[in-house]
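Working notes, beginning with the structure itself.
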Amino acid sequence: MRVAFCTLGCKVNQYETQALERLFAARGHVSVPFEGEADAYIVNSCTVTAVSDKKSRQTVRQARKRASGAVVALCGCYPQTHPGDMDGLPVDVVAGTGDRVRFVELVEEAYAKRRGKITALDDAMKRRAFEPLPAGGLEGRTRAMLKVEDGCVNFCSYCIIPYARGPVRSLSLQDAAAQAEKLAGEGYRELVLTGIEISSWGRDFKDGARLIDLVEAVCAAAPGCRVRLGSLEPRTVTEDFCVRAAKLPNLCPHFHLSMQSGCDATLKRMNRKYDTARFYESVSLLRKRFDAPAVTTDMIVGFPGETEEEFSQSLDFIRRCAFSAMHIFPYSRRPGTPAASMPGQTVKAVREERAGRAAVIAGGMERDYLSQFVGQTVEVLFEEERDGLWRGHTTRYCRVEVRSEEPLHNRLRQVSVTGVGDGYLEGELLNLENR
């Protein structure tokens with residue numbers, strides 16, 4: 001079959017789509033662009049917001065219009081949490097967030113037999129085993145995601161994902177190290193440890209294993225690769241974590257700490273498991289042990305009950321943390337979550353206005369962070385070329401752009417930073433030894 005893929009949502013979904021690409025390829029099928037003709041269209045869906053659900057439905061319908069005789073298959077978080085919505089969709093195969101090997105077989109079955117809709121959904125809350133999948137993508141990628149954990153038991157009041165993914169399940173340390181070594185051997189220059197909540201890695205083993213144990217093993221297994229961490233909960237960042245992490249030469253000094261709000265009252269309504277004091281402790285520990293680490297975060301504005309005073313507290317807190325970059329989201333009401341029925345729902349205009357104010361502060365902090373590298377030499381892993389400009393990232397995930405007629409894809413090169421653009425560094429390629 002010619003199989004086309006569309007991924008909606010987070011890095012875990014991106015990883016799982018890459019795994020599906022490999023599973024299909026191993027069975028003799030060929031990947032083709034989603035915008036063209038295919039025998040099977042795979043939509044890997046997201047359900048983090050109601051808008052995400054709408055996007056999944058639209059993508060399914062677009063695929064059906066593109067090739068009326070093709071198999072259209074929907075998998076991921078949306079059908080897992082909203083099976084009742086599937087009745088009205090023009091799909092041939094419906095699956096959730098588990099058993100991806102079986103999903104491939106169901107798509108093949110639908111293509112061969114052309115029978116009615118095939119539905120294969122389990123109870124995510126009953127899952128207890130981590131599903132191993134092939135890591136890495138197909139040709140042309142510089143960065144490979146390595147999924148080391150699935151599931152979440154935090155049950156934040158705005159989030160439906162625990163119901164879509166089930167309890168915490170972890171990839172074994174030995175398997176993670178083996179996959180890292182294999183990916184390094186395939187030519188990847190950077191590995192990103194990802195999962196639904198990687199801070200909980202190992203808790204299902206009940207043997208005291210912690211995320212830093214895994215990070216050390218992966219860094220040792222792929223010494224020639226950069227290793228980058230996915231989103232972390234503040235509780236992960238302790239003195240011991242930082243001391244051990246700082247000794248790993250190939251660990252990227254880029255730490256994404258999940259914040260959501262800089263107001264303790266709002267954090268409590270969100271059912272987050274920390275307060276601003278504990279969050280700031282994590283930021284301080286990272287800056288104590290690493291040289292100019294990139295500390296990035298997420299922020300939700302306009303959460304139910306958030307007053308102007310609470311929002312002002314959040315703005316003061318992000319200034320204090322001086323993040324290198326931020327993702328700012330207006331609160332999105334998610335049916336099925338406790339927050340959806342909370343009093344004090346904010347109107348769209350307020351949410352958007354607050355997001356704009358926060359973005360101005362975030363932009364200023366990002367420029368301040370990037371400016372410190374002007375005049376310095378940085379190592380860049382180059383990924384793509386657009387209109388004569390090659391783009392790549394430093395270990396701190398600062399985007400860098402240089403002009404070069406030399407092909408730089410998947411190359412690590414030294415760059416002299418000459419200026420700061422809008423969210424990126426400008427530089428000149430140095431004629432130093434390549435690798």
Side-chain angles (χ1 to χ4, degrees), residues 3-22 25 30-36 44 135-147 183-194 222 224-231 250 252-254 256 294 296 324-325 327 363 366-367 369-370 373-374 376-435:
V3 186
F5 300 87
C6 178
T7 309
L8 305 173
C10 67
K11 283 186 170 60
V12 173
N13 271 13
Q14 293 172 27
Y15 166 89
E16 290 172 348
T17 295
Q18 290 180 9
L20 285 172
E21 288 178 340
R22 287 202 164 195
V30 180
S31 294
V32 296
F34 194 82
E35 295 74 19
N44 193 2
L138 300 179
E139 297 178 7
R141 294 189 171 95
T142 60
R143 183 180 295 111
M145 286 172 284
L146 176 54
K147 181 182 168 187
L183 290 167
E186 291 177 359
Y188 286 97
R189 299 285 195 152
E190 182 173 303
L191 308 180
V192 183
L193 301 188
T194 190
C225 278
R226 295 177 175 181
V227 175
R228 194 179 301 280
L229 301 181
S231 180
N250 54 332
C252 294
H254 168 217
H256 187 86
T296 59
S324 59
H327 299 299
E366 182 178 46
R367 284 189 294 275
Y369 182 77
L370 293 174
F373 298 106
V374 175
Q376 295 188 20
T377 297
V378 296
E379 185 180 69
V380 180
L381 173 58
F382 285 98
E383 298 147 27
E384 63 176 355
E385 181 267 337
R386 292 184 185 178
D387 301 322
L389 281 173
W390 278 93
R391 298 179 177 183
H393 288 85
T394 69
T395 57
R396 293 169 175 82
Y397 210 63
C398 302
R399 194 175 95 225
V400 179
E401 297 189 357
V402 302
R403 289 205 172 273
S404 175
E405 295 181 1
E406 177 186 355
L408 298 176
H409 181 260
N410 207 26
R411 302 276 292 278
L412 283 165
R413 294 293 301 271
Q414 298 295 317
V415 172
S416 175
V417 179
T418 58
V420 176
D422 185 12
Y424 66 94
L425 294 171
E426 301 167 340
E428 296 177 353
L429 203 63
L430 298 179
N431 293 319
L432 299 179
E433 186 69 22
N434 305 337
R435 64 184 180 92

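Numbers for residues simply follow the sequence, beginning at 1. Atoms considered below: every heavy atom in the structure, side chains included; atoms not considered: hydrogens, waters and symmetry mates.
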Check: Got a donor-acceptor contact below 3.5 angstrom from the N44 side chain to the L20 backbone?
Finding: no
Check: Excluding sequence neighbours, so at least two apart, what forms side chain to side chain donor-acceptor pair (under 3.5 Å) with R226?
Finding: E190
Next item on the list: For T418, enumerate each residue passing the side chain to side chain contact (heavy atoms under 4.5 Å, CB included) test, keeping only those at least two apart in sequence or located in another chain.
Entry: E426, E428
Checklist line | side chain to side chain contact (heavy atoms under 4.5 Å, CB included) partners of A19, counting only residues at least two apart | finding: L133, P134
Note to self: So, using salt bridge (Lys or Arg N to Asp or Glu O under 4.0 Å) as the criterion, who are the partners of E385 when residues are at least two apart?
What the structure shows: none
Item checked: Side chains of V192 and L229 in contact at under 4.5 Å (non-hydrogen atoms) -> no
Next item on the list: Classify the angle between the aromatic ring planes of H393 and Y397 as parallel (below 30°), tilted (30 to 60°) or perpendicular (above 60°).
Entry: parallel
Checklist line | Flag side-chain contact, heavy atom, 4.5 Å: F382 against V402 | finding: yes
Next item on the list: Kindly write out the residues that satisfy ring pair (Phe, Tyr, Trp, His ring centres under 6.0 Å) with Y424, not counting sequence neighbours, or none if the list is empty.
Entry: none
Next item on the list: Can you see which heavy atom on P407 is nearest to which on W390, and at what distance?
Entry: CA-CZ2, 3.7 Å
Checklist line | For T7, all residues meeting side chain to side chain contact (heavy atoms under 4.5 Å, CB included), sequence neighbours excluded | finding: N13, Q14, T17
Margin query: Give me the atom names and distance for the closest heavy-atom approach of A294 to Y369.
Written below: N-OH, 3.3 Å
Notebook entry, point to check: At what distance, to the nearest 0.5 angstrom, does SG of C252 lie from CZ of R396?
Noted result: 9.5 Å
Notebook entry, point to check: If you look at every heavy atom in D387 and R403, which pair is closest and at what distance?
Noted result: O-NH1, 3.6 Å
Next item on the list: State which residue, out of R143, R411, R189, fulfils the side-chain hydrogen bond (donor to acceptor under 3.5 Å, both in side chains) condition with E383.
Entry: R143
Check: Does Y188 use its side chain to pair, donor to acceptor, with the backbone of C225 at less than 3.5 Å?
Finding: no
Margin query: A side-chain contact here means heavy atoms from C-beta on lying under 4.5 Å apart; do V417 and V400 qualify?
Written below: no
Next item on the list: Identify the two heavy atoms, one from L429 and one from S404, that lie closest to each other, and give their separation to 0.1 Å.
Entry: CD2-OG, 3.9 Å
Notebook entry, point to check: What pair of heavy atoms forms the shortest contact from C398 to F373, and how long is it?
Noted result: SG-CE1, 4.2 Å
Checklist line | Distance in Å, T142 OG1 paired with L408 CG, rounded so as to fall on 0.5 Å steps | finding: 12.0 Å
Checklist line | Results of side chain to side chain donor-acceptor pair (under 3.5 Å) for T194 - residues two or more places apart only | finding: none
Notebook entry, point to check: Can you check whether T395's main-chain N or O pairs, donor with acceptor, with R228's side chain at less than 3.5 Å?
Noted result: yes
Notebook entry, point to check: Do NZ/NE/NH1/NH2 and the carboxylate oxygens of E186 and R22 come within less than 4.0 Å?
Noted result: yes
Check: By side chain to side chain donor-acceptor pair (under 3.5 Å), which residues pair with T296, not counting sequence neighbours?
Finding: H254, H256
Check: Listed by chain and number, what are the side chain to side chain donor-acceptor pair (under 3.5 Å) partners of E401, not counting sequence neighbours?
Finding: R391, R399
Check: Hey, are the side chains of V380 and L425 touching, using non-hydrogen atoms and a 4.5 Å cut-off?
Finding: no
Notebook entry, point to check: Between A222 and L191, what is the shortest heavy-atom contact and its length?
Noted result: CB-CD1, 4.0 Å
Notebook entry, point to check: How many angstroms lie between atom OG1 of T377 and atom CD of E379, to the nearest 0.5 angstrom?
Noted result: 11.5 Å
